[in-house]
Amino acid sequence: MINFYGKNLEFNYESNVSGNFLVIIMDASEKIHEYQIGILANNPNKHILPIEIRQKDEKHTLYYNITSKLSLSQYLKRNKINKNNFVAIFSGITKTILDSKNYLFSENSFLLMEDYIYINPNNLEVSLVYLPFDVQEGLNINSLLKEFTKNFIINSANIDESGNDNFIKRVINLLKLDTFNILEFQKFLNELSQNEIPKKADSISFNKSSDQSSEEFKDSGTEPSKPQKDNSLSSYLSKTKISVNIPPKKDDFNPHPIPKIPKSEKQKNKVSTNILDNSRIKAKYKSGAITLGVILQLIIIIGAVLLLVSGALDSLGNDMVTNIVAIAILGGALSFLIWKNILNEKNIVQDTKTKKTPAVKPPPVKAASPKAFFSKPSNIPKSKVNTNKKEIISMSQIKNSPMENIQFNTFAANSIYSDDTTLLSPEDSSIDNTDETTLLTPYEISPPYLQSNRDGVIEEIKITKPEFLIGRLKGQVDYVTENKAIGKVHAEIITRDGKYFLKDLNSKNGTYLNNERLNSNTEYEIKDNDVIVFANSEYIFKIPKK
């Protein structure tokens with residue numbers, strides 16, 4: 001039993017022919033709202049998981065149907081979250097919670113944890129677990145949602161901030177407010193989804209409610225800080241010297257901003273910043289050809305004048321205007337033929353003196369991670385403190401440092417299993433020119449694989465990643481199958497410490513190991529020559545001999 005929301009709860013998973021279930025067990029002495037279970041059994045809201053209750057050994061056992069659903073934590077392992085993803089996920093959460101009031105549900109009884117929030121990877125629709133009992137006094141949806149969102153940004157999600165709207169900084173500033181509440185958070189998400197230019201941060205107003213949390217972002221277990229006289233965001237920003245970037249007006253927007261290059265870089269490079277001029281190479285023609293063209297052109301002009309003056313054309317019986325037009329057309333045609341033959345590629349001479357060295361673009365400046373805003377001031381030296389996991393930077397360091405100079409460690413987990421190959425130039429300093437022999441990992445020698453035999457055709461699926469996903473959904477799995485009986489994200493093969501494990505991911509038709517159906521979200525060790533069945537596709541797991 002683990003304490004969740006003030007209740008001793010036990011979490012398990014079960015699978016059978018009817019589907020996969022999240023099982024929550026609690027003491028029978030706890031009061032359950034029977035009418036809420038009755039409503040959820042009919043599943044009136046597809047974004048709240050349907051529930052069934054059973055009594056076992058003086059325990060309340062709650063069964064939530066999670067068939068064909070992917071946990072949010074599993075989704076976040078493989079996907080980078082951009083602004084649209086963030087808005088879709090949190091809009092789904094807030095809307096589901098607010099709509100639950102229509103069924104007389106308590107908005108404080110939703111389980112806001114990544115492992116127990118489920119998501120459709122196709123469209124990011126969210127399904128929540130509702131606990132049909134009263135949670136611990138003092139907990140409310142505002143404090144629960146604030147803590148969940150903070151943990152999502154800091155620990156769980158890999159967030160893409162390549163846009164120019166600083167949406168994560170705006171979310172952080174919103175979460176910093178004592179007056180944070182779910183209604184204003186939903187309005188804020190609607191603004192993000194509509195790409196509206198937000199109001200200045202210090203002018204955002206929030207309606208206070210009796211159940212709003214006054215908890216500041218701090219480490220768990222610390223005592224609440226005393227309320228300050230001025231808790232406004234503008235006051236906070238003035239103390240921390242962190243500015244809020246407001247997107248420029250449409251008229252002032254420059255689609256091609258000129259990057260700022262440090263003075264030292266300018267002195268080193270000493271190159272022209274006019275990229276357009278650098279790409280131009282002027283050309284000229286041979287002087288003899290041009291001279292010949294000019295002479296012929298003069299001859300044509302003089303000849304035309306002589307014809308008009310001498311009266312040689314009078315015999316044709318035309319008036320003067322007609323004669324002039326005829327001579328002009330004839331002269332123009334002759335001039336065109338002459339210059340067409342002169343201005344050809346044979347007579348072009350490249351002017352190499354006008355070549356310029358291509359401009360060197362300055363290296364991109366890494367922006368500070370938004371997670372730094374949550375760091376609590378501590379007695380950390382001003383210099384960077386490196387650990388094996390993260391680089392710690394306190395808020396006091398941020399406010400005294402330019403934002404563009406603060407960098408954080410990033411993790412390239414599982415990089416040796418990446419399918420992408422980086423093309424190295426001959427001058428690339430990363431090339432190892434030493435004579436030392438590179439030690440190959442077991443995967444590079446020979447990876448394990450799944451082998452199938454269908455009508456005499458042998459197929460091998462090599463397990464090339466430490467967390468190898470199998471399913472039908474392209475872009476979300478490592479092996480894509482066309483078998484419609486297999487789930488979108490069906491199962492996972494995990495490699496850890498030289499051992500291999502199989503885990504079903506809430507698939508509708510199940511995963512079998514040696515003819516035994518697996519409980520979903522549970523790891524089972526697999527060994528050489530084990531028989532694995534995904535729905536109706538059978539494979540033999542093979543581990544090459546070393």
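We number each residue from 1, following the sequence as shown. Source: prediction; values computed, not measured.
Within a 6.0 Å sphere centred on CG of Asn102, other residues, nucleotides and ligands contribute more than 12 heavy atoms. The environment of NZ in Lys77 is crowded: more than 12 heavy-atom neighbours from other residues, nucleotides or ligands sit within 6.0 Å. For Glu516, the CD atom sits in a loose shell: 12 or fewer heavy atoms of surrounding residues, nucleotides or ligands are nearer than 6.0 Å. Heavy-atom neighbours of Gln55 CD from other residues, nucleotides or ligands within 6.0 Å: above the threshold of 12.
The shortest non-hydrogen separation linking Pro544 to Pro448 is CD-CA, 3.7 Å. In this structure, Gln36 and Pro132 approach most closely via the heavy-atom pair OE1-CA, 3.4 Å. Nearest approach of Ile486 to Gly471, heavy atoms of both residues: CG2-CA, 4.1 Å. Taking all atoms of both residues into account, the shortest heavy-atom contact from Ile182 to Ile141 is CD1-CG1, 4.1 Å. Summarising the geometry of Lys31 relative to Phe133, their closest heavy-atom pair is O-CB, 3.3 Å, with the distance given to 0.1 Å. The two residues Asp530 and Leu513 come nearest to each other via the heavy atoms CB-CD1, 3.9 Å.
Screening Glu523, Glu467, Glu525 for a side chain to side chain donor-acceptor pair (under 3.5 Å) with Arg496, the sole residue that qualifies is Glu523. With Ser537 as the fixed residue, the side chain to side chain donor-acceptor pair (under 3.5 Å) test singles out one of Asn483, Asn509, Thr481: Asn483. Checked against Gln74 for a side-chain contact (heavy atoms from CB on, under 4.5 Å), the options Ile119, Leu469, Asn79 give a single hit: Leu469. For the ring-ring contact (aromatic ring centres under 6.0 Å, His included) with Tyr130, the qualifying choice from Tyr64, Tyr103, Phe105 is Phe105, the only one to do so.
Checked for salt-bridge contact, Glu10 and Lys59 miss the test: no charged N lies under 4.0 Å from a carboxylate O. Between Lys545 and Asp528, at least one side-chain N (NZ, or NE/NH1/NH2) sits under 4.0 Å from a carboxylate O, which counts as a salt bridge.
Checking side-chain atoms of Asn45 against main-chain N and O of His47 turns up a donor-acceptor pair under 3.5 Å. Between the side chain of Asn506 and the main chain of Lys69, a donor-acceptor pair closer than 3.5 Å is present. Here the side chain of Ser91 pairs a donor or acceptor atom with the backbone of Val87 at under 3.5 angstrom. Asn173 places a side-chain N or O within 3.5 Å of a backbone atom of Lys169 that can act as its donor or acceptor partner. Within the 3.5 Å criterion, the main-chain N or O of Met26 finds no donor-acceptor partner in the side chain of His60. A donor-acceptor contact shorter than 3.5 Å links the side chain of Thr67 to the backbone of Asn20.
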Please report the C-alpha distance between Leu62 and Val129 in whole Å, then the side-chain angles of each, then the deciding distance to 0.1 Å, and finally whether the side-chain contact (heavy atoms from CB on, under 4.5 Å) criterion is met. CA-CA 11 Å; Leu62 307 175; Val129 171; over 6 Å; no
After noting the C-alpha distance and the side-chain angles of Tyr116 and Phe11, does the key distance pass the ring pair (Phe, Tyr, Trp, His ring centres under 6.0 Å) rule? CA-CA 10 Å; Tyr116 307 115; Phe11 290 78; 4.5 Å; yes
I'd like to know whether Ile461 forms a side-chain contact (heavy atoms from CB on, under 4.5 Å) with Tyr449, so could you lay out the CA-CA distance, the side-chain angles of the two residues, the decisive distance to 0.1 Å, and finally the verdict. CA-CA 5 Å; Ile461 304 173; Tyr449 58 92; 5.7 Å; no
Yes or no on side-chain contact (heavy atoms from CB on, under 4.5 Å) for Asn108 and Leu139, after CA distance, side-chain angles and deciding distance? CA-CA 7 Å; Asn108 303 325; Leu139 291 178; 5.9 Å; no
Full working for ring pair (Phe, Tyr, Trp, His ring centres under 6.0 Å) between Tyr539 and Phe534: CA-CA 8 Å; Tyr539 297 87; Phe534 305 113; 5.8 Å; yes
Please evaluate residues Leu183 and Leu98 with respect to the criterion side-chain contact (heavy atoms from CB on, under 4.5 Å), reporting the C-alpha separation (whole Å), side-chain torsions for both, the decisive distance (0.1 Å), and the verdict. CA-CA 8 Å; Leu183 286 172; Leu98 292 172; 4.0 Å; yes
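The shortest side-chain heavy-atom distance between Lys7 and Val135 does not fall under the 4.5 Å cut-off. Taking 4.5 Å as the limit, every side-chain heavy atom of Asn65 sits out of range of all side-chain heavy atoms of Leu49. A 4.5 Å side-chain heavy-atom check between Asn453 and Ile540 finds every atom pair outside the cut-off. Between Leu22 and Tyr118, some side-chain heavy-atom pair lies under the 4.5 Å cut-off. The shortest side-chain heavy-atom distance between Ile463 and Leu450 falls under the 4.5 Å cut-off. Looking at Leu111 and Phe148, their side chains never come closer than 4.5 Å, going by heavy atoms from C-beta outward. Counting only heavy atoms from C-beta outward, the side chains of Phe188 and Val171 approach each other to under 4.5 Å. Using a 4.5 Å heavy-atom cutoff, the side chains of Leu518 and Thr522 are not in contact.
Taken from CD1 in Ile493 to CZ in Phe468, the straight-line distance is 7.0 Å, to the nearest 0.5 Å. The CG atom of Leu72 lies 11.5 Å from the OG atom of Ser127; values are rounded to the nearest 0.5 Å. With rounding to the nearest 0.5 Å, the separation of CG in Leu505 from NZ in Lys488 is 14.0 Å. Distance check, rounded to the nearest 0.5 Å: OH of Tyr75 to CD of Gln476 gives 5.5 Å. One finds the CG atom of Leu145 at 10.0 Å from the CD atom of Glu107 (value rounded to the nearest 0.5 Å). To the nearest 0.5 angstrom, Ile32 atom CD1 is 5.0 Å from Ile53 atom CD1.
Between the side chains of Asp115 and Ser73, at least one donor-acceptor pair of N or O atoms lies under 3.5 Å. Counted by atom type alone, Asp504 and Ser520 present zero donor-acceptor pairs between their side chains at under 3.5 Å. Side-chain polar atoms of Asn8 and Asp27 form no donor-acceptor pair below 3.5 angstrom. In the model, Lys542 has a side-chain atom that pairs as donor or acceptor with a side-chain atom of Asn529 under 3.5 Å.
Applying the ring pair (Phe, Tyr, Trp, His ring centres under 6.0 Å) criterion to Tyr524, with sequence neighbours excluded, gives no partner residue.
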